[in-house]
Protein chains: 2
Amino acid sequence: MKTTPEHDSPEQDHDEPAAGPDAGLGTRERIVRAASRLMQRQGYEGTGIKQISREANATLGSVYHFFPGGKQELATEAIRHGDREFAGMLRTALESRPDPAEAVLAAAGLVAAELRASDWLDGCPVTATSLGTAANAPGIRLAAAEAFERWRGLVHDRLLAAGFAAQDARELAHTVINTLEGAELTAQIARSEEPLLIAGRHLARLIDSYR
Amino acid sequence: MKTTPEHDSPEQDHDEPAAGPDAGLGTRERIVRAASRLMQRQGYEGTGIKQISREANATLGSVYHFFPGGKQELATEAIRHGDREFAGMLRTALESRPDPAEAVLAAAGLVAAELRASDWLDGCPVTATSLGTAANAPGIRLAAAEAFERWRGLVHDRLLAAGFAAQDARELAHTVINTLEGAELTAQIARSEEPLLIAGRHLARLIDSYR
DNA sequence: ACCCCTCTAGAACGAACGCTCTATCCAGCA
DNA sequence: TGCTGGATAGAGCGTTCGTTCTAGAGGGGT
């Protein structure tokens, strides 16, 4: 299994030819990414620590070295990783058009495209991980709530910049994120981009109605 | 543990004073209800067959007698149960107001009230069960897709009856269900009714914009 | 009286779970 | 050169998992 000797900072691996797309990253980062991807697809309970360590090309010892809090701490970090990932995509989409309604439409299309590209496997990285653990693990629920809040904040700021009233922007941000969330869920289960495309059009229409 | 001797039809239990709200029901029905409730709160992987049988006051033998397909068959049936349950609530709400926009607003309020009443434990009965099992269990995914389709159908018919164009009704039904779904998810994680109440208002506004 | 069939009952199986533990490796420093 | 501490390595703990299996309970039909 031998991995790169490393000290938490990403460095090139000059001795390991075959590896996944995460090769050359620090062990800790590889573990977080593997956890995020696996929990996104299989949920918290459906993903084992040993599977994560295997997928990350790390050993069980490394996992517990970096995450002494065990599975829950790892899941919290995985959610934060998914949070940052989706926030980046959302920010890009929102800045891609001068008009906020068109920007939201573009965001929905982007989500749909990525979902299809993953063969309907990669839904919302936060939902799958946090669902079913809300009651037991408050830390996980909190991280998920913060993710949603951050995404809402991005939409909110975008609407404010476009001249929307503060209250309208706040409420629209709620519905934009929630509708995208629900539509992605349905799209994943139905294996169809349509729910997301419809959601994009309806959200654009809703936003326009506040002008 | 002794349970009611019964032949699949619900009958009164004259000998068992202390029991849950499902007492007096047939064993099979008790098992389905326990599975549905537990999976709604803990997800598919987070819920064990033994926990279900314990909660249902049934034995492992009974579970495998009624559901020889094992956990997957049981989960499929649990989703169908949640489907019928939510469909009933949705139908009631949709028929509670003469105006379809107001009816959707009422539905959102009802979902919010029930979610809060359960101490934020009972989210969508279909989502939690089906998430994380989409790839592995096609039967479960299919049952979930059918549930969403049924709910959409209820909204669709309601809009048609109110005179909306077929295409508008179809697309609005998509977004109504998806937005409620996403808002309920956010409401559960944030422990706040607000996302659902905002969703209700926005959906009413969106529907009105098609008149 | 007998059988039959549905349903209940729970012990037992191998596998996988999260986690603990000790041992080893190795770069950096004294 | 030897020490130190972060990082790696994986055997093994007790528990729980989904499932299988055999045994018995009990009412109806003949």
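Proteins come first, then strands; the chains are lettered A, B, ... in the order of their sequence lines, and each starts at number 1. Just so you know, these numbers come straight off a predicted model, no measurement behind them.
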Taking only the side-chain nitrogens and oxygens of [X], find out if one of them lies under 4.0 Å from OP1 or OP2 of [N].
X      : N       : answer
T27(B) : dT8(C)  : yes
S62(A) : dA7(D)  : no
T59(A) : dG10(D) : no

Can you tell me how far [atom2] of [N] sits from [atom1] of [X], to the nearest Å?
X      : N       : atom1 : atom2 : value
I31(B) : dA9(C)  : CD1   : P     : 11 Å
R28(B) : dT8(C)  : CZ    : P     : 12 Å
I52(B) : dC17(D) : CD1   : P     : 10 Å
E73(B) : dG18(D) : CD    : P     : 15 Å
L74(A) : dC17(C) : CG    : P     : 14 Å
R30(A) : dA7(D)  : CZ    : P     : 13 Å
N57(A) : dG10(D) : CG    : C1'   : 15 Å

Residues R201(B), E171(A); criterion salt bridge (charged side-chain N to carboxylate O under 4.0 Å, His left out); working and verdict:
CA-CA 10 Å; R201(B) 289 201 299 271; E171(A) 299 196 346; 2.9 Å; yes
If you restrict it to nitrogen or oxygen atoms, what contacts under 3.5 Å exist between nucleotides 18-25 of chain C and the protein, and what is each distance?
from, atom 1, to, atom 2, distance (Å)
dG18(C), OP1, T47(A), O, 3.2
dG18(C), OP1, K71(A), NZ, 2.7
dG18(C), OP2, I49(A), N, 2.9
dG18(C), O6, K50(A), NZ, 3.3
dC19(C), OP2, Y64(A), OH, 3.0
dC19(C), OP2, K71(A), N, 2.9
dC19(C), O5', Y64(A), OH, 3.4

Just to verify, what does T186(B) make a side-chain hydrogen bond (donor to acceptor under 3.5 Å, both in side chains) with, not counting sequence neighbours?
N178(A)
Donor-acceptor pair, distance only, cut-off 3.5 Å: does the side chain of R41(A) make one with the backbone of L121(A)?
no
Hey, are E146(B) and R150(B) close enough for a salt bridge, meaning a charged N less than 4.0 Å from a carboxylate O?
no
Do the side-chain N and O atoms of E181(B) and T127(B) include a donor-acceptor pair separated by under 3.5 angstrom?
yes
Restricting to salt bridge (charged side-chain N to carboxylate O under 4.0 Å, His left out), what partner residues turn up for E194(A), sequence neighbours left out?
R170(B)
